[in-house]
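Each remark here refers to the structure printed beneath this line.
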Amino acid sequence: MKLQFYLALLFLVLFSQIENTKPGNGDLLCRWKDNGYTYDFSPLKNTTGNYLFKKDDIKMLYVFNVCEATVDEPNSICKCCSPSKEYTAFSYNTTTMSCKEWGEWKNGYTYKYIDPNNDFVGVTISNPKSQTSSSYSVAINLFCNEEETFNVFSVYEYDTIPPHMQINAASYTACRAEPTPTPSPTPDPYFCQTIQSNELYNLAPSKKLYKFTTPDNKYWLHPCDYVVHTSGCDCCTAGVATGWIQRSDGSCQQLGHLDTSTWLPLPENDPREGVSLEYYVKTSLGHKTRSMKYDFVCDPATDGDITEINELNLIPPRTEITLASKYACPQDPLNPTIYPSPTVKSSPTSSPSSNTGGLSGGLVFLVVLLVGIACFICGFFVHRYRTSRSNMYENL
Ligand SMILES: *[C@@H]1O[C@H](CO)[C@@H](O)[C@H](O)[C@H]1NC(C)=O
């Protein structure tokens with residue numbers, strides 16, 4: 001019984017080794033179809049040469065292509081960027097004149113969103129080198145920018161296991177264009193994140209009910225959602241407005257309608273860091289009768305507190321709310337450290353050689369012959385399992 005177990009295990013190991021020698025099954029067309037939209041990265045192929053990125057401070061030169069293998073560089077630029085036409089990137093240490101090769105064109109590309117919670121930040125496209133113990137893959141973070149074709153900001157080598165080269169660039173090809181215009185031009189008002197002036201603000205943790213009392217008024221406020229719990233309010237209605245005011249005379253008024261949400265950067269002359277969110281109330285005829293504005297102000301010391309509410313006697317009247325929160329602190333969407341660190345490729349059944357150590361070659365042959373037939377169906381299911389696994393474990 002125990003022997004059978006080891007034989008089956010051995011077969012699994014051999015099976016996975018055979019599978020590992022196949023070329024990668026990434027995409028070679030440079031297109032990613034996701035949820036009804038097709039990204040086309042093929043305009044980024046450099047058809048006349050390679051992309052070059054120099055880091056003078058550490059005397060490194062990076063030579064790469066996107067969706068295409070590299071081509072030969074003149075010796076005066078890189079003496080060892082070869083064999084080209086096979087690898088998609090080289091890093092060249094100009095001090096030692098030595099090269100490292102990264103990514104293999106024939107393995108194709110895999111795609112995912114840079115920010116899994118926000119399709120509009122951009123796309124990571126990854127190209128692995130064949131699966132050896134020192135596999136060097138290339139990951140390109142393409143940040144959506146309508147105005148750039150391919151503008152490289154930075155290139156890093158990461159000492160992950162296996163290591164990868166990371167290229168950060170801006171490109172219109174990573175922008176998701178909606179196939180059909182949605183009925184309302186406002187983005188999802190429940191989605192409490194925005195990018196303003198190239199800074200990412202994630203206020204999702206600030207989506208909650210705030211109650212606040214000033215000498216004149218009481219407030220019930222729920223950014224990015226409706227006020228549902230109106231306890232303590234004599235005349236508020238649940239589920240119709242994103243904010244309510246109750247005045248000292250006992251009258252209530254809605255402050256804003258959820259579907260009118262607009263994000264704005266703080267004005268240039270405002271020294272505070274943060275972002276604003278506006279709503280207004282409109283009548284059935286489309287007239288604005290009130291407006292409200294949150295100033296979410298960056299304060300690393302607090303999870304979120306309303307510090308001030310002002311009523312402005314404008315036409316229409318306006319309520320301005322200052323809310324200090326650490327979630328209002330801007331994050332750099334280009335800084336790779338705020339995103340989950342790259343997953344390391346690992347597979348429970350492919351750990352090499354050690355299991356075969358105690359068995360002679362003749363026994364291995366016998367085992368493959370006997371168990372191979374017996375376990376064919378078993379292997380078939382393992383193959384399917386591995387296929388779905390390898391889709392999960394993408395190399396960054
Ligand atoms: C380039 O090679 C030199 C000499 O081996 C080494 O000291 C340096 O760290 C290398 N540069 C990089 C960026 O790896």
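- Residues that satisfy the side-chain contact (heavy atoms from CB on, under 4.5 Å) test with Ser82, not counting sequence neighbours, are absent from this structure.
- With sequence neighbours excluded, the residues that form a ring pair (Phe, Tyr, Trp, His ring centres under 6.0 Å) with Phe150 are Tyr51.
- Residues Phe296 and Tyr219 are members of one and the same hydrophobic cluster, defined by side-chain heavy-atom contacts under 4.5 angstrom among Ile, Leu, Val, Met, Phe, Trp and Tyr.
- In this structure, Lys55 and Tyr156 approach most closely via the heavy-atom pair NZ-CD2, 3.8 Å.
- For residues 90-128, every residue pair satisfying the disulfide (SG to SG under 2.5 Å) rule, not counting sequence neighbours, is listed here: Cys80-Cys99.
- By the salt bridge (Lys or Arg N to Asp or Glu O under 4.0 Å) test, Asp295 is found to be paired with Arg272, Lys293, residues two or more places apart in sequence or in another chain being considered.
- Looking only at distances, no side-chain donor or acceptor of Thr242 sits under 3.5 Å from a matching main-chain atom of His257.
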Run the side-chain donor-acceptor check on residues 223-237: report pairs under 3.5 Å with partners two or more places apart or on a different chain.
residue : atom : partner : partner atom : Å
Ser231  : OG   : Lys211  : NZ           : 3.3
Asp234  : OD2  : Gln246  : NE2          : 2.9

Identify each donor-acceptor pair in which a side-chain atom of residues 62-72 lies under 3.5 Å from a protein atom, sequence neighbours left out, and give them as a table.
residue : atom : partner : partner atom : Å
Asn65   : OD1  : Asn46   : N            : 2.9
Asn65   : ND2  : Asn46   : O            : 3.1
Asn65   : ND2  : Ala69   : O            : 3.4
Thr70   : OG1  : Tyr87   : O            : 2.9
Asp72   : OD1  : Ser84   : OG           : 2.6

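- With sequence neighbours left out, Tyr92 forms a ring pair (Phe, Tyr, Trp, His ring centres under 6.0 Å) with no residue at all.
- Residues Tyr279 and Gly256 come closest through the heavy atom pair CB-CA, 3.9 Å.
- For Lys326, the salt bridge (Lys or Arg N to Asp or Glu O under 4.0 Å) partners two or more places apart in sequence, or in a different chain, are Asp303.
- Between Tyr37 and Tyr39, the two ring planes are perpendicular [angle over 60°; tilted spans 30° to 60°].
- Judged as a disulfide (SG to SG under 2.5 Å), the pairs with a partner in residues 276-308 (not counting sequence neighbours) are, in order, Cys298-Cys329.
- Considering only residues two or more places apart in sequence or on other chains, Lys100 meets the salt bridge (Lys or Arg N to Asp or Glu O under 4.0 Å) condition with Glu157.
- Hydrophobic cluster membership of Leu312, counting Ile, Leu, Val, Met, Phe, Trp and Tyr whose side-chain heavy atoms lie under 4.5 Å apart directly or via other members: Leu314.
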Quiz prompt | Check against ring-ring contact (aromatic ring centres under 6.0 Å, His included), Tyr111 and Phe41 | solution = CA-CA 11 Å; Tyr111 309 100; Phe41 305 110; 5.5 Å; yes
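- For the salt bridge (Lys or Arg N to Asp or Glu O under 4.0 Å) test, residues two or more places apart in sequence or in another chain that qualify with Arg290 are Glu311.
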